[in-house]
Structures are given as C-alpha cells and as structure tokens.
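The block underneath contains the structure these notes are about, expressed in structure tokens.
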2 protein chains.
Amino acid sequence: MVMTPAAERTVFVVDDDAAALDSLVMLLRSDGLNPSGFSSAGTFLEALTRDARGCVISDVRMPGMDGVQLLKTLKARQCILPVIVITGHADVTVAVQAMKAGAAEFIQKPFESELILRLVRACLEENDDAVDASARRNRVLSRIDSLTARERQVLNLIMDGASNKVIAATLAISPRTVEIYRANVMSKMRADSLSDLIRMTLSSGAA
Amino acid sequence: MVMTPAAERTVFVVDDDAAALDSLVMLLRSDGLNPSGFSSAGTFLEALTRDARGCVISDVRMPGMDGVQLLKTLKARQCILPVIVITGHADVTVAVQAMKAGAAEFIQKPFESELILRLVRACLEENDDAVDASARRNRVLSRIDSLTARERQVLNLIMDGASNKVIAATLAISPRTVEIYRANVMSKMRADSLSDLIRMTLSSGAA
DNA sequence: TCGGGCTTAGGGGATAGTACCTAGGTAGTG
DNA sequence: CACTACCTAGGTACTATCCCCTAAGCCCGA
C-alpha cells in the first residue's frame, strides 16, 4: 500500500482565535504539510475519524471545551494522535495538567515558526510508529474476537501454561476436544508457533 | 520478609534552601513519614543506594546540578523513585522539561501542606508497585544471566518459535544436544511450562 | 425444514518434547 | 594433576502435541 505522506497525514489545528488559526495553517501549508483548521474542540471532535493520521495542535484557552479537556477526550477515545498544546498564558498548573494528560509538547506563544515545524515533524514520525503498533494490535484483537467462547477459554488456559490434559480437566471435556480448540486457536490467530501465539496475545494487552 | 513501611520507605528531600528543606522535612516527619534531607543533588546522588524505596522531592533551582538534571540523572540510572519537583518560579518551560523527563508531579511554592503530603503518599504507593515489578524483572534477569552462552542462544531461538530440529540446524549441533540445553534453560529459568518461559523472558525486557 | 456454525468426541499415526541412562572432549582453577 | 564447568551426543521410553479421518447433538437463521 503506497501512500503520499502529505495527503495521508493531517495536522489538525484547533484554535478559537481565527487570526492565529489562519496563520498557523498557512505556515504549515507553506512547509508542505496538510493542515486542517477548526475553531473549536467540538467541531474538531465531530470531524475526527478513527483512522486519522498525523497530529493535533490545540490552543488551551478556548470557549466551550478547553485544550486540556480536548486532550483527555482524545485519550479516552484511545486516539493515538500526538497533541501539541499551545498557550498564550504562562500557567504552570495548566502546563503540568496537559503533560500529565499526555500532551506530546506544550509551548507558549509567541513561538518561532521553526520550532513548531520541528515539533510537528517529530509528532508525525511518532504517529507513524504509533499507527503501525496500533494496526498490529488491532489485527490481533480482531483475531481474538473471531474465536468462539470455548476457543477463548482454551487460549487463556494455554497462556497460563496448562497442558491439554489440564485444560481438559479444567473444562471437564475430552483432551481430544481440547486439541481441536487448540488447533483452531492456532489457525485463527495465525500463529505458527506457541511462542508466536503467546507474544501476540500478550502484546495485544488481552491478558 | 516483614518490613515496617515507615522505616523502609524514605522521602528524599533535596533543596539548597536550608529553611525550606528543614520545614519540609519537619512536615513529613510530623505525618509519620521518614524524610531524609540533602542540600544538593550531588550529596543526594552519593547517598542514594540502588535498593532505596520511597520517593524524591527536589527543588528545581539549585547551585550545581538543578532539579531537572537530577531527574534525568536518576532516570539514566534506572532509578524507579518517583520524583516530585517543586519550584519557586512560574517557569512553564522548566515545568514542561521536568514532566517530559518523567517527573511524577511538578508543583509551585508556596504549596499547601495537605497537597504535598497527598502527593507523597501517592508516590510512595506508586513506588511500591514499581519495586515489585522491578524485583520480578531482576529475578528473571539474574536467571538469564546464569545461563551459559549456548543455553542463551537456545533460549533466543525458542523465543523465535523455532523447533528443536530448527535450532539444531541453526547451531549446527545434534537435536539431542538442543534438548539438553532446552531442559537446562527450563530448569535454570524455573519455568514450568513453555508459556511460562516466554512470558518471563518477554516481561524481563530481554527480547 | 435445511444448512451452517459451535461443541463435543473417538481412532490412528506422525512429529515433537521430556526424562532417565551413559560418556567423551576441552578449558580453566586450585 | 585433579576438579569443575561447559559443550557435545547416543539410546530408550514415555508423554505431549499435531494432523488426518469420521460424526453426533444443539441452536439459530433463511
């Protein structure tokens, strides 16, 4: 799957100050990036799709939902876009809250054009890695989802290190039947070895 | 191993301002905690042992090594003590740097006694969990360390999902010999199943 | 009602791993 | 020189897992 980075990766800019928003969008575009401006957190969240790639730049102080709330909302939605928070007021408390909420960067206005561009480029790279990791994770998760209830039970017992005999005793079924579920688990998970299966399952966080 | 929390867990306080240091130490002691004061990052780092438990409270602005440098030094030493950074100056840049360097909290002077005590208690709990995780990790790491060169190679190939036959071909030795190394690995790692072995090894970070 | 998916299970054979036995060569240490 | 640790490897037997065959009962939607 070939993709044009500029077309695929969007820099979502959220700022209620129209002038600041425009100038930032302009700056990003002039650097060959693909910015998309929003005047409020709400309109941005509505427009945001799950498969979005790129990063977010948000002002802190905005009517309605502020930048930190937006950040928390994004994290709650398991959004993996890095967020650069910008502020016009030197408020340490807000900065700390933003960083604890998972902001990638927190910078004060006015900032150098070069600085924001450098941070955006770093965030885009970070997001590329996160997208890869997330895709891997989702692939495994969807495979686990395709397992039947029994197969999932068997997977859990395999993860616990139980042998087929033990699994059979635990589930009160024949060892033969366990073998079948085990084979199904291996093929549905597309694991070609036990260590593969375990690594996949562990890394998906579904322990 | 029974331990008295107050005696085991130390709150390391680093501040070049003797009056502030004393009052903070006093406050912590009055709350039943076990504080230990240092007037510089250097003297603290010298006194710090690897098995220390508790947390750190450090001022930012200090002659010699400042709070953020101290924080980075601790992280570089893989120290798992949570660090609460306190500052007398509302400097957003420093706050962001501290948070990015892994500070647990960043608060401004003057602060409420109740606030710092609450944060310290949270950090102590956080450290308890981190100590447990670190102990588990070190136990596994020391077991890996007890493996011979060949046994380690076999472990790596097992982690890759290779069968004994494949391992034998890879190392150009007899499958029989691989079986022996494999058995040694299982017993030295004290794993009672393959999934045990894989989970242990993965969680130790020695992938 | 019929097909499909889920759960259940037996037989039999191939392949893989474990557990016991033995034992030779090499390299470093006291 | 003896002792220890490491790497090497064969035999044999047992257990575990995997892979092929078949096939029944259950429930649900078309």
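Computed from heavy atoms alone, side chains included, the values below leave out hydrogens, waters and symmetry copies. Numbers restart at 1 for each chain; the letters A, B, ... are given by sequence-line order, proteins then strands.
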When you measure from the side chain of A:Ser174 to the backbone N and O of A:Arg176, does any donor-acceptor pair fall under 3.5 Å?
yes

Can you tell me if A:Arg150 touches the phosphate of C:dC6, counting only side-chain N or O atoms and a distance under 4.0 Å to OP1 or OP2?
no

Donor-acceptor contact present, side-chain B:Lys188 to main-chain B:Ser146, <3.5 Å
yes

Please confirm whether the backbone N or O of B:Met159 pairs with a side-chain atom of A:Ser195, one donor and one acceptor, at under 3.5 Å?
yes

Among residues two or more places apart or on two chains, list those pairs meeting side-chain hydrogen bond (donor to acceptor under 3.5 Å, both in side chains) that have a residue in residues 118-131 of chain B.
B:Arg9-B:Asp128, B:Asp31-B:Arg121, B:Arg53-B:Asp128

Any side-chain hydrogen bond (donor to acceptor under 3.5 Å, both in side chains) involving residues 93-102 of chain A? Give me the pairs, sequence neighbours left out, ordered by first then second residue.
A:Lys100-B:Glu105

Within this structure, what is the OG-CZ distance for the pair B:Ser204 and B:Arg143, rounded to the nearest 0.5 Å?
11.0 Å

Shortest non-hydrogen contact from A:Leu21 to A:Phe38?
CD2-O, 3.6 Å

For nucleotides 14-16 of chain C, list the nitrogen or oxygen atoms of the protein found under 3.5 Å from its nitrogen or oxygen atoms, one pair per line.
unit_1	atom_1	unit_2	atom_2	d
C:dA16	OP2	B:Lys165	NZ	3.1

Are the side chains of A:Val85 and A:Val94 in touch, meaning some heavy atoms are under 4.5 Å apart?
no

Holding to salt bridge (charged side-chain N to carboxylate O under 4.0 Å, His left out), I want the full list of residues that pass it with A:Arg199, two or more places apart in sequence or in another chain.
A:Asp196

Test salt bridge (charged side-chain N to carboxylate O under 4.0 Å, His left out) applied to A:Lys165 - qualifying residues, sequence neighbours left out:
none

For the helix from C:dT1-D:dA30 to C:dG30-D:dC1, measure the angle between the helix axis at one end and the axis at the other, each built from five pairs, rounding to 10°.
30°

Do any pairs count as a salt bridge (Lys or Arg N to Asp or Glu O under 4.0 Å) and have a residue in residues 77-87 of chain B, sequence neighbours left out, and if so which ones?
none

Among residues two or more places apart or on two chains, list those pairs meeting ring-ring contact (aromatic ring centres under 6.0 Å, His included) that have a residue in residues 171-199 of chain A.
none

Look at the side chain of A:Thr201 and the backbone N and O of A:Leu197, then say whether any donor-acceptor pair between them is shorter than 3.5 Å.
yes

Do the non-hydrogen side-chain atoms of B:Cys55 and B:Val120 ever get within less than 4.5 Å of each other?
yes

Can you give me every donor-acceptor pair (side chain of residues 62-72 of chain B, partner residue at least two apart or in another chain, under 3.5 Å) with its distance?
unit_1	atom_1	unit_2	atom_2	d
B:Asp66	OD1	B:Val68	N	2.9
B:Asp66	OD1	B:Gln69	N	2.7
B:Gln69	OE1	B:Asp66	N	3.1

Which residues, if any, of residues 171-187 of chain A bring a heavy atom under 4.0 Å of DNA chain C?
A:Ile173, A:Ser174, A:Arg176, A:Thr177, A:Ile180, A:Tyr181

When every nucleotide of nucleotides 25-30 of chain C is labelled 5' to 3' by its protein contacts under 4.0 Å (heavy atoms), B for base, S for sugar-phosphate only, - for none, what sequence of letters results?
------

Nucleotides bounding contact with chain B, strand DNA chain D, heavy-atom threshold 4.0 Å
D:dC6 to D:dG11

